[in-house]
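What follows is a short report on a single structure.
Computed from a prediction, not measured in an experiment: that's the story for all the values here. Below, all heavy atoms of this structure are taken into account, side chains as well, without hydrogens, waters or symmetry copies.
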Amino acid sequence: MSSITAVVLAGFVGYGAAWYFGMVEGNFSALLFLAAVVTGIYWVAERLYFLPQRRKAVAALDANAASRQAELAKMGINQVDDNTQEARSRLIMQPWWLDWTAGLFPVIIIVFLLRSFLFEPFKIPSGSMIPTLLVNDLILVNKFHYGVRLPVINLKVLDNHSPERGDVMVFRYPPKPSLDYIKRVVGIPGDEVAYLNKKLTINGKPLPKTALPDFFDADSMRYAKQFEEINGERKYRLLNDDDRPSFIAGADNFPYRDNCRYSTEGVVCKVPEGQYFMMGDNRDNSLDSRYWGFVPEQNIVGKAFFVWMNFGNLKRIGSFD
């Protein structure tokens with residue numbers, strides 16, 4: 001079993017290394033599920049077979065020691081040193097291959113359940129959600145707010161809240177579902193979303209947009225025009241870059257593209273049923289629904305709501321919802 005376990009563990013390490021260096025396309029949810037299954041099998045085997053076998057060996061050792069003491073007692077030798085303690089410890093001790101499998105199962109299954117059904121951590125990789133979220137913000141995502149979904153396959157089995165305009169949502173990137181994206185919900189099913197000349201209109205009503213002091217981006221060492229926008233019950237900040245044109249260049253041929261009309265001023269889209277229109281708060285530096293289309297309901301991962309750490313700026317910690 002030790003050699004088989006070594007091969008299994010080497011497979012996990014090799015897959016993780018290949019994923020880290022970009023040699024394969026990884027899926028952490030699937031990897032964590034597989035780890036839970038494998039370590040769970042070892043855990044059950046330990047409880048039902050390997051631990052009882054070790055206990056039998058200890059019992060046999062104790063029986064032999066008792067028999068030896070009885071024989072010595074018959075010979076008049078009553079004081080005998082008990083030198084079986086070390087052997088007893090070695091027999092009952094869990095071997096390394098069980099320690100690294102069955103021993104890790106409780107931790108892995110707890111992480112798997114928490115991550116799958118309650119909260120999942122994410123790291124912000126880009127500046128598309130500035131100023132709400134900064135690069136390297138470590139955030140928490142509520143996995144049950146939009147309903148309970150089965151891990152790995154992301155199938156909803158229990159409804160909860162529906163996404164609302166203004167929510168910051170994590171979802172599976174429609175052109176490549178193995179990637180997780182984060183944007184703000186701008187339009188919900190049935191809405192007509194117009195983003196023309198950098199002004200957002202929902203169902204014919206322009207969203208209130210108030211100018212704020214310019215935002216300084218420490219990464220790019222540039223100032224950007226900052227505004228406050230209100231969408232539904234959400235109030236949030238956004239950035240606009242006067243040097244970027246309103247025209248949406250390079251839009252993909254995505255599903256329901258016929259629902260969108262592109263012009264030199266921007267884009268107007270009618271959001272289909274079961275779909276959502278997403279945009280980044282860094283409006284002129286965000287690859288979002290304007291370019292690759294709508295987010296299907298089945299791609300939803302959860303609602304982002306809290307920055308739990310930014311190692312470069314501890315003041316970032318807190319709720320942004």
Side-chain angles (χ1 to χ4, degrees), residues 124-135 163-177 179-209 215 217 220 224-232 234-301 303-304:
I124 302 300
S126 71
S128 68
M129 284 298 292
I130 295 173
T132 304
L133 295 171
L134 305 184
V135 178
E164 298 178 354
R165 301 185 195 98
D167 285 356
V168 178
M169 189 168 78
V170 172
F171 54 91
R172 295 183 173 183
Y173 180 44
K176 192 175 182 180
L179 297 179
D180 290 321
Y181 263 39
I182 182 168
K183 306 291 179 187
R184 190 177 295 277
V185 179
V186 169
I188 60 177
D191 282 347
E192 183 178 73
V193 178
Y195 190 69
L196 303 173
N197 296 317
K198 304 189 180 183
K199 294 181 180 179
L200 184 60
T201 300
I202 307 293
N203 299 325
K205 297 181 180 180
L207 298 189
K209 185 178 177 181
F215 176 84
D217 186 351
S220 63
K225 287 191 174 180
Q226 183 176 211
F227 300 88
E228 181 182 81
E229 187 173 79
I230 302 176
N231 191 351
R234 296 286 191 277
K235 182 186 295 185
Y236 49 86
R237 295 178 296 152
L238 61 89
L239 302 182
N240 276 135
D241 186 349
D242 289 340
D243 295 332
R244 299 289 185 91
S246 301
F247 175 67
I248 309 299
D252 298 337
N253 186 22
F254 51 82
Y256 302 105
R257 196 182 193 279
D258 292 343
N259 285 38
C260 297
R261 306 187 304 274
Y262 289 88
S263 66
T264 56
E265 290 85 10
V267 63
V268 179
C269 289
K270 180 74 172 180
V271 185
E273 285 300 315
Q275 307 282 325
Y276 296 89
F277 194 90
M278 314 295 296
M279 292 180 68
D281 291 346
N282 194 354
R283 292 285 167 83
D284 296 301
N285 294 279
S286 174
L287 188 66
D288 49 38
S289 288
R290 293 171 290 177
Y291 297 89
W292 42 254
F294 308 100
V295 173
E297 194 277 337
Q298 62 265 26
N299 283 42
I300 293 174
V301 172
K303 181 182 179 183

Please report the interatomic distance [atom1]([X]) to [atom2]([Y]), rounded to the nearest 0.5 Å.
| X | Y | atom1 | atom2 | answer |
| --- | --- | --- | --- | --- |
| T264 | I248 | OG1 | CD1 | 11.0 Å |
| L200 | N231 | CG | CG | 6.5 Å |
| L207 | I230 | CG | CD1 | 9.0 Å |
| Y195 | M279 | OH | CE | 5.0 Å |
| M129 | K183 | CE | NZ | 8.0 Å |
| F254 | S289 | CZ | OG | 8.0 Å |

[X] side-chain N/O to [Y] backbone N/O, donor-acceptor pair under 3.5 Å:
| X | Y | answer |
| --- | --- | --- |
| R184 | G166 | yes |
| S128 | S286 | no |
| N259 | K270 | yes |
| N299 | R172 | yes |
| N282 | G127 | yes |
| D191 | V271 | no |
| R290 | L287 | no |
| R165 | I188 | no |
| D241 | D243 | yes |

Does the side-chain contact (heavy atoms from CB on, under 4.5 Å) test come out yes or no for C260 and F294, once each step is laid out?
-> CA-CA 10 Å; C260 297; F294 308 100; 3.7 Å; yes
Would M278 and V185 count as a side-chain contact (heavy atoms from CB on, under 4.5 Å) if you check the C-alpha gap in whole Å, the side-chain angles of each, and the deciding distance to 0.1 Å?
-> CA-CA 5 Å; M278 314 295 296; V185 179; 3.6 Å; yes
Would I202 and V186 satisfy side-chain contact (heavy atoms from CB on, under 4.5 Å), going step by step from the backbone distance to the final call?
-> CA-CA 8 Å; I202 307 293; V186 169; 3.9 Å; yes
CA sep, side-chain torsions, deciding dist, call: R244, K198, side-chain contact (heavy atoms from CB on, under 4.5 Å) | CA-CA 10 Å; R244 299 289 185 91; K198 304 189 180 183; 3.9 Å; yes
Should the heavy atoms of other residues, nucleotides or ligands under 6.0 Å from [atom1] of [X] be counted, would the total exceed 12?
| X | atom1 | value |
| --- | --- | --- |
| K209 | NZ | yes |
| R257 | CZ | yes |
| D258 | CG | no |

Least distance between heavy atoms, [X] atom then [Y] atom:
| X | Y | value |
| --- | --- | --- |
| A304 | V170 | CB-CG2, 4.5 Å |
| P131 | L239 | CD-CG, 3.6 Å |
| P174 | P296 | CG-CD, 4.1 Å |
| F171 | M169 | CD2-O, 3.5 Å |
| I300 | P163 | CD1-CG, 3.6 Å |

State, yes or no, whether a side-chain contact exists between I124 and L134 at a heavy-atom distance under 4.5 Å.
-> no
Exercise: do E297 and Y276 side chains pair donor with acceptor under 3.5 Å | no
Sequence-distant partners of Y181, ring-ring contact (aromatic ring centres under 6.0 Å, His included), two or more places apart =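 Applying ring-ring contact (aromatic ring centres under 6.0 Å, His included) to Y181 gives Y173.
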May I ask you to decide whether D281 forms a salt bridge with R237, counting only side-chain N to carboxylate O separations under 4.0 Å?
->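 No, no charged N to carboxylate O under 4.0 Å.
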